[in-house]
Structure formats: C-alpha cells, structure tokens
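Residue numbering restarts at 1 for every chain, and letters A, B, ... go by the order of the sequence lines. Just so we're clear, the structure is a prediction, and the values are computed from it rather than from any experiment.
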Amino acid sequence: MNDQRLYSSFFEICLALVVILPWLSGLVCLILPENRSRIARVLAVVLMGLSATAAFFIFISCWNNTPYTHQWNWFSIASHQFSVGLYLDNLAAIMLLMVNLISFLVHVYSIGYMARDDQQGRYFAMLGFFTFSMLGIVLADNLLLIFIFWELVGFSSYALIGHWFEKEAAAAAAKKAFLFNRIGDLGFLIGLMLLWTNTETFNIDQLRNLGEVFSWQTAASLCIFCGVAGKSAQFPLLTWLPDAMEGPTPVSALIHAATMVAAGVFLLARVDFLFTDSSLNVVIVAGAITALLAALAALVQYDLKKILAYSTISQLGLMVTAFGSHAADVAVLHLFTHAFFKACLFLSAGLIIHAMHEAHHEASVHSDVQDIRNLGGLRKRLPFTFVACVVSGAALAGLPFTAGFLSKDAILTSITVWKGDDFSWRWLVLLSTFIVSFITVLYTFRLIWFVFMGKERSTAAMTVQEPPIIMRLPVAFLVACSAWLIIAWNPVDYAGWLYSSLHEGENSHINWMPFLSGGWVLLACTTAYFLFRNGNQYQSELLLNNFYLDRVYHASIGKPLMHLIRITNYLDRTVIDGTIHLAAYGHVAFAHGLQWIDRFIVDGVVNGAASAARGVGLLTRSLQGGKIQVYILSAVMAILIFLLWTLLW
Amino acid sequence: MSLTSIMFYFFALVAALSAISMVFVKNVFYGALLLIVCLLSVAGIYVLAFAEFVAVVQILIYAGGILVVIIFGIMLTSRIAGKPLLVQHANKFLGLLVSGVMFVLLVYLFSQQSFTHTSLPPQPEKQIGKIGVGLITDFVLPFEIAGVLLLAALIGASVLASTMKSNRE
Amino acid sequence: MVPVEHILYLAALLLTAGLAIVIVKRNAIMVLLGIELMLNASNLNLIAFNRLQPDKIDGQMFSLFVIVVAVCEAAVGLAIVLRVYKMYQTSVPDEVTELKD
C-alpha cells in the first residue's frame with residue numbers, strides 16, 4: 001500500500017457516515033413511539049450495517065497510511081483555541097472497525113433476544129447512542145473531546161444497564177456503575193488539569209511531540225489511569241462490573257466485554273507517551289492484582305454471566321499488565337482478540353438463557369436460568385451453542401490455533417522481556433500472570449463442563465430448542481473471528497499483519513514462549529478435567545463475594561459518607577434554616593417594633609399636638625361659655641391689669 | 001375723738017361688716033336684709049356728712065322701695081315654697097382675688113393723694129332749700145331727663161311684667 | 001372730723017364687696033343686690049367729696065340722680081329677672097347660656 005495516498009472525498013463521506021449513522025439511529029429510535037418499534041428496529045439494524053460497511057472502507061483506506069486529521073474551531077478563551085477534530089491512525093482505524101462491527105452484530109442479535117420486550121425503541125436508541133459515543137472516543141484528536149465522549153459512554157452504559165429499571169437490582173446496578181465511573185473520572189479530570197497547566201494543549205499529536213520527559217508526567221499519567229481504572233474495572237474500582245450483569249445480555253456483550261471497558265485500554269494506548277517508569281510500575285501492579293483477584297473470584301461463581309464478568313475483569317487486568325510492561329501494542333492486540341471471543345461467549349450465554357427462558361415459558365416453570373447448578377447436559381439439546389462456546393472458550397483459555405493463544409503469548413513475552421534478567425519483584429508479576437492464565441483455563445473448563453456436559457438437571461422434562469437463526473448468525477461470525485487468522489497468518493507467531501502495523505521498531509520474540517504457554521495451557525486443561533469431572537463444586541464464600549470488596553467499600557466509605565450526610569442535613573435544617581427562620585422572625589419582630597413606634601411615638605406626637613391644640617382651644621373657648629358672671633369677671637380682670645400696668649409703672 | 005367721729009366709725013363698721021358678710025352668706029333673704037342694714041348705715045353716714053336730704057331719700061327709696069321690691073322678687077323666684085333660697089358660689093377664688101386686688105389698688109391710690117382738708121362752716125345751712133332751687137335752675141335738664149327715665153322705666157317694667165301671664169312659652 | 005380718706009376707704013370696700021357679690025353669687029337677685037351696693041359706694045364717694053366743698057351742692061344733686069337711676073334700673077332688672085325665671089325656670093345666670101359660642 002502507498003504511504004502517501006491522498007484521502008478521497010469518498011473517504012470523507014464514509015467518515016461522516018460512520019459517525020452520523022449511529023447517532024441518527026439513536027435519535028430515530030428515540031422519537032418513534034413504541035407501537036412503531038418494528039420500524040425502529042429494522043431501521044437501527046440497517047443504519048448500523050451501513051455504518052459498519054463504511055467503517056470497513058475507512059479501515060482499508062487508513063491502514064498503514066499517514067494519519068488522517070481534520071479540525072474545526074470550537075471556541076476560544078483568551079488566546080487559547082479549542083477545536084473539535086478527528087485523528088485517524090492505525091490504532092483508531094482498527095478500533096473503529098471493531099466497534100462498528102460488534103455493534104452491528106449485537107444489533108442483529110438484539111432483534112431476536114429482545115423480541116418480547118416492550119421498550120425496544122428505547123433500547124435500540126441507547127444502543128445507537130452508545131455506538132456514537134464510543135466512536136467519539138476513538139476518533140477524537142484531543143483529550144478534552146475524549147473526556148466528553150467518555151462521559152457520554154458512561155451515561156449510555158447507565159441507561160443500558162438500567163434498561164429494566166423496574167427491577168430494583170437493575171436500577172441499583174446502573175447507579176453503581178455510573179458512580180464508580182464518576183469516581184474514576186474525577187482522577188481523569190485532575191490529570192487533564194495537570195496536563196493543561198503544564199503544556200497548555202490537549203491535542204494528542206502535540207503532546208506526543210513534547211520531547212523530553214517531565215516530572216509532572218508521573219502524576220498526570222497516574223490520574224488518567226484513575227479514569228481508566230473506573231472505566232475498565234481495575235482494582236480498586238472493579239465491583240461494578242459483576243453487578244452490571246443485570247442488564248440485557250447483548251448489552252453485556254457489547255459494552256462490558258468488547259467496547260466500553262476496552263475504552264480504558266484504548267485511552268492508555270493513546271497517551272502512552274505520558275507514562276514514566278514509576279507510573280508504569282504502579283499500573284502494572286494494579287493490573288496484576290486485578291487479574292489475579294478476578295480470576296480467583298470467577299472460579300467459584302455459579303451465575304453464568306457473573307463468571308464471564310469476572311473473566312472480563314481478569315482479562316482487562318492482563319491488558320493493563322501488558323501495557324505496564326512497556327508494551328502498549330500488545331495490550332491493544334489482546335484488546336482486539338478479547339473483544340471477539342468474549343462477545344461470542346456472552347452472546348452464546350445469551351443463547352442459553354434465551355433457550356432456557358423459552359423452555360420455562362412453555363413449561364410454566366420459573367427458576368433462575370443463569371444458575372449453572374440448574375443447567376447441565378445441554379450439548380445434545382443446543383449443539384450449535386455448544387460448539388460456539390467451546391471454540392470461544394478455547395480462545396479465552398488460550399488454546400493453540402486460536403487468536404487468544406497468540407495474544408496471550410504476546411503478553412507473556414512482553415512481561416518476560418520487561419522483567420529483565422535480575423531477580424526482582426518483577427518476577428512476581430510474571431508468576432502471577434502465569435497463574436492467572438492457569439486459572440483462566442480452569443474456570444472456562446468449569447463453565448463449559450457444568451453447562452453442557454453431564455446429566456441434565458432441571459431441563460430434563462422440558463423442550464429446549466436452539467434460538468432463532470437471527471441470533472445464531474452473529475454468534476457464528478464471531479466464532480470465526482476467534483480463530484488465529486484475524487491476527488496473523490502464522491498460528492504460532494503473534495507478530496502478524498496486525499501487530500507489525502501497530503508496533504514500531506523491532507519485535508522482541510522469544511522462540512520458546514509459544515511452546516511453553518501451549519504446554520502450560522494443556523496442563524491446565526487436564527487439571528481441570530480431573531477437578532471438575534465429577535461435578536464437584538468448590539465453595540468459597542470469600543471468593544464468591546469477590547473478597548468482600550463491596551462490604552469493605554460500604555463500611556469504609558459508604559457509612560462515613562452517610563454519617564457526613566446526616567450531619568450536613570442536620571446542620572442545614574437547624575443552622576442554616578434556623579438562621580433564615582431567625583432572620584424572618586427578627587424581621588417580623590422588627591416590623592412589630594416599627595409598628596409600635598409608629599403608633600405610639602409618631603402618631604402619639606401628632607395626636608398629642610392635636611389634643612394640645614384642642615385643649616388650648618377648649619381653654620380659650622371656656623371664656624365664651626355664655627356665663628355672664630364669667631364675662632364680668634374677665635372684664636374686671638382686664639381692667640385691673642390695665643390699671644395696674646398704667647398706674648403703677 | 002368727737003362724738004361724730006365715733007358715730008361715723010360705728011356706722012362705717014356696720015356698713016363694712018354687712019357688706020362683707022353679704023359676700024359670704026348663702027341665703028338670699030339674709031343677703032337682702034343685710035343690704036338693708038348696710039343702706040341704713042350709709043344713710044347715717046350721709047347725715048354726718050351734712051347731706052340730710054340724700055340720707056332721707058336713701059332711706060325712703062332705697063331701703064323702703066327698692067329692697068321691698070327685691071324681696072318680692074326673691075319670693076317670686078324661689079322654686080320651693082317654704083324652703084329658704086340658697087345660692088352656690090362660683091369662681092370664688094378668682095372673684096375674691098380680683099376684688100381684693102382692686103380694693104388694695106384703690107386704697108393705695110387714695111393714700112397717695114392728699115385732699116385739701118377744709119374746716120366746716122360753723123353752722124350748717126339749710127340744704128333742702130338749696131337743693132330745691134338747684135333742681136329748677138341749675139339742674140333742670142337732668143331733672144327732666146330723670147323724669148322721662150322714670151316714665152320709661154315704669155312703662156318698660158310694666159310691659160315686661162304684664163306679659164308674664166299671657167305668654168307662656 | 002373724720003378725714004375724707006376714711007370715707008373713701010369705706011366706699012372702696014363697699015365697691016369691691018359689691019363686685020365680689022356680682023362675680024361670685026349664682027343668683028340673679030343677689031347680682032342685683034351687688035349692683036345696688038356698688039351704686040351706693042359711688043354715692044358715698046360723691047357725698048364725701050361734697051363735704052370738702054360745703055357751699056356747693058353738686059355732690060348731693062349728683063347722688064340724687066344716681067338714686068333715681070338706680071331705682072329705674074332695679075325695677076327693670078327685676079322685671080327681666082322675673083321674665084327669665086318664667087322662661088328658663090331658673091334664677092341662676094350661669095344656666096342661661098343662650099349666648100354661648
């Protein structure tokens with residue numbers, strides 16, 4: 001392919017379509033009333049299909065080409081310009097394709113899965129809106145824009161998890177997801193502020209070309225990692241993801257397996273130049289802890305979707321570990337492969353759930369269909385689902401000839417390279433990664449064994465059918481994508497066409513790594529077989545409740561916060577409201593005082609003057625009382641005074 | 001101290017006392033009687049001042065005419081027959097004050113003056129003849145006018161009193 | 001002989017007593033009596049001054065006419081008092097307040 005191919009206008013049209021069509025589908029589905037939901041559904045699928053096609057064209061044009069940029073002016077404060085812009089390099093192109101493709105497959109699947117739901121318009125609208133927000137993150141060229149779409153993605157996740165908000169568990173789970181996201185975003189925002197203070201730009205290209213490494217970068221990058229921890233469910237913000245399984249299964253597949261949680265890893269890859277050695281150490285430790293904790297928890301869960309949720313957390317931990325070992329491209333590689341096989345696993349789980357629901361509906365029986373203790377021996381009833389689960393489960397476990405094998409290989413290689421030759425704490429990270437991959441095989445095997453093998457437990461008397469074709473087609477496509485071909489032509493070398501384009505520089509390849517990891521996985525398989533062969537359930541309350549992390553959070557943060565809330569409420573009611581009441585009473589009292597003054601003093605003066613005048617008037621009037629003798633007296637007095645005055649003076 | 005002086009001071013004392021008690025007495029009849037006493041003593045003083053005709057006229061007309069008429073009036077205006085007519089006093093303080101001040105003033109003024117004191121002629125002449133002649137010659141105008149005045153007063157009083165019965169409003 | 005001033009003092013006393021009676025008493029007849037007393041006081045004054053000029057009779061003549069006038073006035077005054085008494089049923093001058101403002 002040429003390096004300097006110009007971008008045609010057809011490319012730009014495709015780009016516009018890619019962004020606008022999901023948004024349009026969301027808007028249309030929102031506006032249409034519920035009784036026209038059939039039109040909404042079909043329209044949503046068609047629009048997403050067009051968007052996915054356009055994405056494919058863009059991918060082909062953009063791959064291994066100079067990055068495509070375009071900017072519009074947004075606003076300016078003082079002398080700073082803020083712009084809205086697109087940045088399409090290899091990373092963005094591959095993410096674009098993946099997001100659109102999986103979103104389209106989930107749309108198709110949802111038509112079948114949500115056929116009985118009565119709020120389908122809202123569902124498809126939020127799906128479209130989510131896709132649009134995710135594309136915003138992928139295509140944006142500055143961190144501020146990424147942050148905006150970050151928030152929108154969080155909101156879409158909230159809306160989709162709480163799609164059945166009448167169920168209290170679903171509403172609570174949606175709230176929890178949003179809250180944990182927000183806590184992470186606080187760190188993200190602080191990181192952005194640090195970044196702005198020191199560089200005065202948000203543009204990724206400009207940031208990349210800063211040159212030297214600064215001291216503030218550690219703090220800024222760790223703060224941005226907080227946002228990643230919130231979005232991608234890293235330790236300690238990981239408890240929201242298992243609860244988010246309350247949402248519909250296609251939502252879990254799209255958001256919580258393939259795309260949204262991967263947004264965190266994508267962001268890491270975008271700003272990997274900001275991370276210094278010390279911040280990378282913190283990142284890798286967090287990732288390793290996450291991977292180990294989640295894997296252990298997944299081992300004893302008995303809810304079908306919760307196993308997959310913990311598995312997702314564990315795999316994300318692996319991606320972050322890979323990133324922490326100075327290999328961002330390996331993280332993106334695993335992200336890519338994980339998206340396909342995890343989505344496939346979730347959709348197959350959805351197939352099982354759907355089939356069980358239909359069977360229960362016919363038999364008028366109600367039980368928890370997601371509990372694997374109730375399932376068993378379904379391979380005869382659901383053969384297609386069985387094959388799908390086995391293949392994608394193999395990819396998750398990292399069996400050879402799958403895509404998962406190659407990406408796990410890459411992770412192990414990069415950690416081995418990173419740890420160096422001296423004995424240090426880094427060997428522990430490598431060890432924990434090996435343990436995690438071991439446990440991954442264990443719980444995957446457990447899942448498949450308990451659901452499909454053995455005797456049927458509760459479904460023996462029911463008629464169980466495969467779900468309709470419209471749901472099986474996307475699963476089939478995803479199964480195909482779990483094969484090794486999507487990464488490299490060589491099933492043992494992960495540095496295929498995908499990786500080489502992402503990675504600059506020399507590939508570090510360890511020849512013996514594929515064989516080591518392959519042997520390790522097979523060992524794990526046989527162990528699992530012997531462990532679970534007899535249907536033993538290994539119980540552990542600690543692992544079942546995710547190490548009681550939720551309870552710890554509630555006690556350490558929740559309770560003091562509630563206490564603080566009570567205190568502030570009390571203060572507000574008594575002090576602040578009391579002050580206002582006091583002011584009001586004082587005002588009224590003052591008014592009364594004024595009234596008193598007005599009545600007694602002001603009016604008193606006026607009335608007093610009036611009565612004084614009246615009194616004087618009465619006094620002078622009394623001389624004219626009609627009394628003759630008083631007249632005589634007055635006359636005599638006047639004469640007397642006159643006489644006294646004149647004669648004696 | 002000649003006899004005339006003693007008699008004068010006696011009559012003066014009687015007149016003064018009766019006049020002053022007239023101020024304080026509450027019974028109207030007693031007041032009229034006291035006035036008769038006063039007038040009689042004033043007539044006595046007249047005699048001592050060699051004005052016999054005036055003294056007689058005073059007794060005849062004042063004490064005998066006017067006071068009798070006044071006593072008639074008292075009888076006619078007393079509301080309850082048989083009971084004595086008692087009066088209230090009004091403006092007592094101011095009235096007495098004014099009178100007192102006037103008296104003091106008058107006394108003071110009189111005391112400032114010195115009157116030429118002539119001695120009396122050894123024999124009193126016949127006053128009454130002089131008075132008669134004077135009425136016709138020097139004082140004929142006041143005499144006639146006094147007559148007219150009396151006539152007018154007579155008619156007026158008669159008119160005023162006579163319509164008492166016919167006009168009852 | 002008695003100095004003239006003493007007669008004048010007596011006359012002044014009679015005058016002020018009559019004035020007091022006129023002001024203080026709340027009876028029309030008493031007021032008339034007071035007036036008579038005042039006229040008598042002026043008569044006494046005239047006679048006293050007449051004593052200073054024994055060859056003249058002016059003082060006596062004057063006092064005769066004063067008596068005449070006093071008679072007229074007393075007659076008419078009494079008629080008025082009787083009329084007022086008939087009309088207002090009272091002989092207290094303070095209660096006849098038709099001239100009141």
Quick check on [X] against chain C: is it the side chain, the backbone, both or neither that has a heavy atom closer than 4.5 Å?
{"X": "B:Ile74", "answer": "both"}
{"X": "B:Ser111", "answer": "both"}
{"X": "B:Val28", "answer": "both"}
{"X": "B:Ala32", "answer": "both"}
{"X": "B:Leu106", "answer": "side chain"}
{"X": "B:Leu67", "answer": "side chain"}
{"X": "B:Phe103", "answer": "both"}

Criterion side chain to side chain contact (heavy atoms under 4.5 Å, CB included) on B:Leu76 and C:Leu82, from CA distance to verdict: CA-CA 8 Å; B:Leu76 281 173; C:Leu82 287 178; 3.7 Å; yes
Contact class of [X] relative to chain B, heavy atoms under 4.5 angstrom:
{"X": "C:Ala74", "value": "side chain"}
{"X": "C:Ala70", "value": "both"}
{"X": "C:Ile29", "value": "side chain"}
{"X": "C:Ile7", "value": "both"}
{"X": "C:Glu73", "value": "neither"}

Just so I understand: if I count every heavy-atom pair under 4.5 Å between each of [options] and chain C, which residue has the most?
{"options": "B:Asp138, B:Ile131, B:Leu154", "result": "B:Ile131"}
{"options": "B:Ala15, B:Gly95, B:Ser99", "result": "B:Ser99"}
{"options": "B:Leu135, B:Val98, B:Leu96", "result": "B:Leu135"}
{"options": "B:Gly73, B:Ala12, B:Pro142", "result": "B:Pro142"}

Distance-minimising heavy-atom pair for [X] and [Y]:
{"X": "B:Gly134", "Y": "C:Met61", "value": "C-CE, 4.3 Å"}
{"X": "C:Cys72", "Y": "B:Ala153", "value": "CB-CB, 3.6 Å"}
{"X": "B:Val54", "Y": "C:Ile67", "value": "CG1-CD1, 4.3 Å"}
{"X": "B:Gln113", "Y": "C:Glu5", "value": "O-OE2, 4.3 Å"}
{"X": "B:Tyr9", "Y": "C:His6", "value": "OH-ND1, 2.7 Å"}
{"X": "C:Asn40", "Y": "B:Tyr62", "value": "ND2-CZ, 3.4 Å"}

Ranked by heavy-atom pairs below 4.5 Å to chain B, first place among C:Asn50, C:Leu64, C:Val22, C:Val69 goes to C:Leu64
For the candidates C:Leu78, C:Ile23, C:Leu19, which exhibits the highest count of non-hydrogen atom pairs separated by less than 4.5 Å from chain B? C:Leu78
Tell me if the CZ atom of B:Phe139 is crowded by more than 12 foreign heavy atoms within 6.0 Å. yes
Crowded around B:Phe29 CZ? As in, over 12 foreign heavy atoms under 6.0 Å? no
Got a second to check how far [X]'s [atom1] is from [Y]'s [atom2], nearest 0.5 Å?
{"X": "B:Met102", "Y": "C:Leu13", "atom1": "CE", "atom2": "CG", "value": "13.5 Å"}
{"X": "C:Ile21", "Y": "B:Ile20", "atom1": "CD1", "atom2": "CD1", "value": "10.0 Å"}
{"X": "B:Lys130", "Y": "C:Lys56", "atom1": "NZ", "atom2": "NZ", "value": "10.5 Å"}
{"X": "B:Phe53", "Y": "C:Ile57", "atom1": "CZ", "atom2": "CD1", "value": "10.5 Å"}
{"X": "C:Lys25", "Y": "B:Met22", "atom1": "NZ", "atom2": "CE", "value": "8.0 Å"}
{"X": "B:Phe143", "Y": "C:Phe65", "atom1": "CZ", "atom2": "CZ", "value": "7.5 Å"}

Beyond-backbone contact of C:Val71 with B:Ile61, side-chain heavy atoms, under 4.5 angstrom: yes
Can you pull out the residues in residues 33-41 of chain B with any heavy atom less than 4.5 Å from chain C? B:Leu35, B:Cys38, B:Leu39
From CA spacing to verdict: side chain to side chain contact (heavy atoms under 4.5 Å, CB included), B:Tyr46, C:Ser63: CA-CA 11 Å; B:Tyr46 286 169; C:Ser63 68; 5.7 Å; no
Hey, mind stepping through B:Ile45 and C:Leu10 against side chain to side chain contact (heavy atoms under 4.5 Å, CB included) and telling me if it holds? CA-CA 11 Å; B:Ile45 294 175; C:Leu10 177 65; 3.3 Å; yes
Go through the steps for C:Thr16 and B:Val101 under the test side chain to side chain contact (heavy atoms under 4.5 Å, CB included), then give the verdict. CA-CA 9 Å; C:Thr16 55; B:Val101 168; over 6 Å; no
